[in-house]
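Notes for the one structure printed next.
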Amino acid sequence: MLKLNVPGNSAIRPLTIDRDAILLVTENIEFPIALRKKSALLVRANESFISGGFAMVLVRDGVDHARLPNQNVLGLSADLNYLAEGDVVRVSKNSRLKTLYRRGARGVSLLVTERCNSFCVMCSQPPRDVADDYLIDEYLEAIPMFDRSTVEVIITGGEPTLLGDRLFSLLKALKSFLPETAVHVLSNGRTASDIELARKFAAVCHPDLMVGVPLYSDIAALHDFVVQADGAYDETLRGILNLKRLGVRVEIRVVIHRQTYKRLPELARFIARNLQFADHVALMGLELMGFARSNIDELWIDPVEYQTQLKEATHNLVDARIHTSIYNHQLCILDSDIRRYAVKSISDWKNEYMPECAGCSMTHECGGFFSSAHIKRSAHISPIVE
Amino acid sequence: MLAKRFNPGSVYREPELKGYRLLPMRFTRLDSSRYVVSTIVGEYRVVTRDVIESLVTHRLAPGSDAYDDFKSGHFIRDADSNIAPELLALKYRTKLSRVSQFTGLHMFVVTLRCDHTCQYCQVSRQTKDRVAFDMSDAVARHAVDLVFESPSRALKIEFQGGEPLLNFERIKSIVELAEARNRQEKRDLQFVIASNLSLLSDEILEFCELHNIYFSTSLDGPASLHNRNRPRPGRNSYELTVTGIEKIRCHLGVDRVSALMTTTEASLPHVRQIIDEYVGQGFRSIFLRPLSPYGFAARSGHFARYDSERWLEFFKEGLEYILDINRKGYALAETYSAIVLRKMLTPQNPGYVDLQSPAGMGISGVVYNYDGDVYASDEARMLAEMGDKTFRLGNVLQDDYRAIFLSDALLDPLEASVAESVPICADCAFVPYCGADPVYHHATQGDAVGRRLTSGFCHRNIGIFRHLITLMEDSPKDREVLLRWGFGSHRRA
């Protein structure tokens with residue numbers, strides 16, 4: 001697992017920045033001088049010459065300190081070995097470095113708030129009621145530095161729509177600076193039950209925007225239990241209807257665990273009947289982080305035990321011609337009939353394979369595990385040998 | 001136990017304890033032990049009598065599987081959620097969205113002349129007199145104007161006869177006229193020629209390729225049956241049709257020709273051979289159609305010779321054989337079942353003219369006869385050929401769009417026959433899958449609404465609905481295939 005927010009760096013030369021600096025990382029010592037004020041030079045080992053004018057110089061172990069400038073040099077923790085050309089970072093006076101953007105990442109996630117109006121029993125990113133408006137400001141500053149060829153940006157939280165108009169300025173910035181980049185907003189859809197909020201999504205007129213909305217059951221009481229909010233089921237469904245009514249694309253996301261697996265086929269049938277216009281349905285395995293870990297006894301079920309339900313649900317959706325994917329499941333535990341719907345879905349910074357995978361011929365096609373699977377994973381992982 | 005800060009599931013079930021309300025539903029006995037319950041949008045469950053009793057007497061236990069299933073299907077609602085009416089309304093609008101589109105299919109009878117003398121044919125004429133039974137240029141022009149007055153975004157012009165290729169010059173002029181008009185209208189415009197293909201020439205194929213025209217032909221079964229049903233000089237109708245099908249597939253593409261079979265008394269013992277013929281010709285669907293009670297068929301007594309019961313036997317035997325062919329690895333759909341299943345499994349309405357409520361006449365399709373008379377459906381035209389012009393809506397040379405489509409001849413039977421308000425239909429669990437057929441009931445019972453207890457339409461359709469639902473419930477193997485037909489899905493088996 002890659003660490004994105006790293007405190008343990010050392011100021012090799014004093015940091016004279018008066019506020020957090022958002023900087024584009026470059027390894028190019030001949031980077032145009034006009035751009036250096038907003039850039040951090042990442043010094044390669046054995047670099048013989050270091051040019052001046054960069055806002056920050058980032059060095060790894062093993063670089064000769066003699067040639068370094070006398071201010072704004074940060075010695076990087078080994079956790080940041082992944083940093084590379086084109087990344088965007090925030091450097092704080094106290095030597096903390098936060099990676100905002102990795103150009104080589106499979107999907108770029110922007111966590112825009114930790115506040116949430118739900119309290120899901122399996123939340124991997126437990127909500128915190130904190131004033132975190134600064135997050136959006138950072139992203140607004142960083143987005144113009146993102147590579148224009150970025151394939152996808154995922155807006156996540158918390159509940160991003162709690163930011164109100166600030167979320168929509170972020171979406172507008174993405175549309176303006178990254179017009180070819182797909183944007184995926186992960187929202188519980190409850191606020192979109194207000195048609196005015198849904199209208200704001202439509203008004204962005206983004207050419208490639210999708211809102212990913214979770215629906216955990218066809219039964220209101222069960223969905224409301226999972227999200228720990230009475231009335232959430234109705235709000236989420238109204239939100240989906242409002243968004244679709246206005247032409248905003250909607251993905252339905254279903255997380256499978258011990259509390260939801262039994263009615264998975266019925267939920268799929270419900271979606272096919274009532275929400276056949278959904279643009280995508282993702283059937284997702286559990287990530288053992290945050291609350292999922294606190295509630296592990298009530299939530300954990302070996303995915304092998306729900307293959308019957310998962311297979312029926314997948315077929316119910318596919319039969320109804322709904323674009324369907326299975327996320328976060330390893331190929332070796334999926335029923336062979338539905339393996340073809342499995343997608344490599346785990347963000348690369350927390351994506352791993354386990355010792356049991358040794359010798360497997362399908363690893364390159366398999367989505368693998370969340371890093372958190374070190375705690376617990378299916379007892380039936382075994383190499384597929386062809 | 002969940003961590004302390006979380007509420008247990010029971011907290012969220014509390015509103016369910018206040019009782020539930022019934023949403024609109026109908027139930028009908030399926031067999032000796034089971035009932036079909038359906039909602040107004042056609043979602044159904046098959047349950048035993050005691051479950052029905054618990055359901056309607058408000059004794060379903062909150063949180064039980066039955067409770068959840070009925071709630072999920074919008075049969076009941078409780079204080080925990082009030083989204084059901086919105087979702088039901090959405091599905092109901094989807095089902096009826098065709099009504100707002102209005103007429104999409106426009107049938108042009110470009111000639112009544114035909115080279116065949118099929119006994120069951122309602123309308124064809126053997127004559128050398130071109131003028132008497134061919135559509136004139138003036139009729140064609142007025143009819144094309146009416147086509148574009150339809151609000152429908154999708155417009156399909158179907159050329160019929162007689163044998164329409166006998167008046168190919170008129171087909172050409174109509175296609176060119178409609179395409180010229182469509183350069184500004186920008187509708188989704190399609191052309192189909194319903195032909196026996198005996199006159200298919202390279203010149204015709206070339207024109208059809210240029211203008212993206214589809215063909216619909218008749219194939220009644222193997223050569224012996226087909227040629228017996230469809231006599232022509234030379235007794236070679238089968239050979240000409242099969243050659244024509246092959247030519248179209250080669251020159252225009254495999255999807256550009258479809259075939260329809262007509263059931264006659266001679267067909268009844270041969271359903272398997274008929275199906276084999278379709279498989280042998282590489283078709284992926286077959287439509288097991290009943291003989292219609294119109295035209296020569298009724299006059300010559302053919303219709304009386306077998307009743308709907310005998311036809312249902314034919315249908316069930318055929319369906320079983322088709323399902324078996326699917327199990328053996330060849331995907332072949334039965335079209336009527338697919339239409340019905342679509343209505344059972346989705347909120348969509350496949351728009352098949354006989355299974356619409358309000359009736360499909362005038363809304364799903366309209367016929368412009370060679371002489372300019374406008375009829376509410378193909379069957380209405382056949383009835384007129386027998387001397388009964390009840391469903392003649394007007395004439396393209398004398399009447400404008402409003403006069404034709406707001407005529408009493410169309411609106412009165414449409415209003416009277418809405419299935420949801422017809423005695424017996426109003427209480428039938430199968431009504432979401434069924435439709436009103438005022439022309440049929442007028443022809444057979446002398447009344448556009450008709451009496452259901454003696455209606456062949458009712459008997460035949462209910463027989464099919466029961467049979468399909470029973471297969472879906474009791475035969476998992478068949479269910480797999482039927483699901484694919486209903487959804488039109490391409491999932492591999």
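Chain letters run A, B, ... following the sequence lines, proteins first and then strands; every chain starts at 1.
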Main-chain N/O of B:A3 paired with A:N295 side-chain donor or acceptor, under 3.5 Å: yes
Pairwise side-chain contact, A:I219 with B:Y12, heavy-atom cut-off 4.5 Å (strictly under): no
Greatest number of heavy atom pairs closer than 4.5 Å to chain A - which of B:E86, B:Q348, B:K71, B:E16: B:E86
Options B:A84, B:G42, B:G73, ranked by heavy-atom pairs under 4.5 Å with chain A, top entry: B:G42
A:Q228 side chain to B:N7 backbone, donor-acceptor under 3.5 Å: yes
CG/B:D50: more than 12 non-hydrogen atoms of other groups inside 6.0 Å: yes
Test item: A:R321 side-chain N/O and B:G488 main-chain N/O as donor-acceptor pair under 3.5 Å: yes
B:L90/A:N274 under side chain to side chain contact (heavy atoms under 4.5 Å, CB included): CA gap, chis, key distance, verdict: CA-CA 8 Å; B:L90 179 62; A:N274 297 281; over 6 Å; no
Atom group of B:V11 that falls short of 4.5 Å from chain A, counting heavy atoms: neither
Flag, side chain of A:E298 to backbone of B:L2, donor-acceptor distance under 3.5 Å: no
Donor-acceptor under 3.5 Å (B:D80 side chain, A:A221 main chain): yes
Evaluation steps, side chain to side chain contact (heavy atoms under 4.5 Å, CB included), between A:R263 and B:D69: CA-CA 10 Å; A:R263 286 193 71 84; B:D69 284 343; 3.0 Å; yes
More than 12 heavy atoms from other groups under 6.0 Å of CD on B:E320: no
Heavy atoms from other residues, nucleotides or ligands near NZ of A:K262 exceed 12 (cutoff 6.0 Å): no
Region of A:L267 that comes under 4.5 Å of a non-hydrogen atom in chain B: neither
More than 12 heavy atoms of other groups within 6.0 Å of B:K95 NZ: yes
CZ-NE2 distance between A:F270 and B:H74, expressed to the nearest 0.5 angstrom: 4.5 Å
Separation between CD of B:E480 and NE2 of A:H315, rounded to the nearest 0.5 Å: 7.5 Å
Spacing of CZ belonging to A:F119 relative to CZ belonging to B:R5, to within rounding of 0.5 Å: 4.0 Å
Pairwise distance CD(A:E235) to OG(B:S81) - rounded to 0.5 angstrom: 11.0 Å
Contacting moiety of B:E14, where chain A heavy atoms sit under 4.5 Å: neither
Side chain / backbone / both / neither for B:E43 at chain A, heavy atoms under 4.5 Å: both
Whether B:F6 and A:F291 hold their rings parallel, tilted or perpendicular, with breakpoints at 30° and 60°: perpendicular
Shortest non-hydrogen contact between A:D319 and B:F487, atoms and distance: O-CB, 2.7 Å
More than 12 heavy atoms of other groups within 6.0 Å of B:D65 CG: no
Part of A:D297 lying under 4.5 Å from any heavy atom of chain B: neither
Side chain proximity check, B:I83 to A:Y233, heavy atoms < 4.5 angstrom: yes
Flag if over 12 foreign heavy atoms under 6.0 Å of CZ, B:F27: no
Whether over 12 other heavy atoms sit under 6.0 Å from A:R128 CZ: no
More than 12 heavy atoms from other groups under 6.0 Å of NZ on A:K344: yes
B:T346 side chain near A:R273 side chain, heavy-atom distance below 4.5 Å: no
Beyond-backbone contact of A:L237 with B:L87, side-chain heavy atoms, under 4.5 angstrom: yes
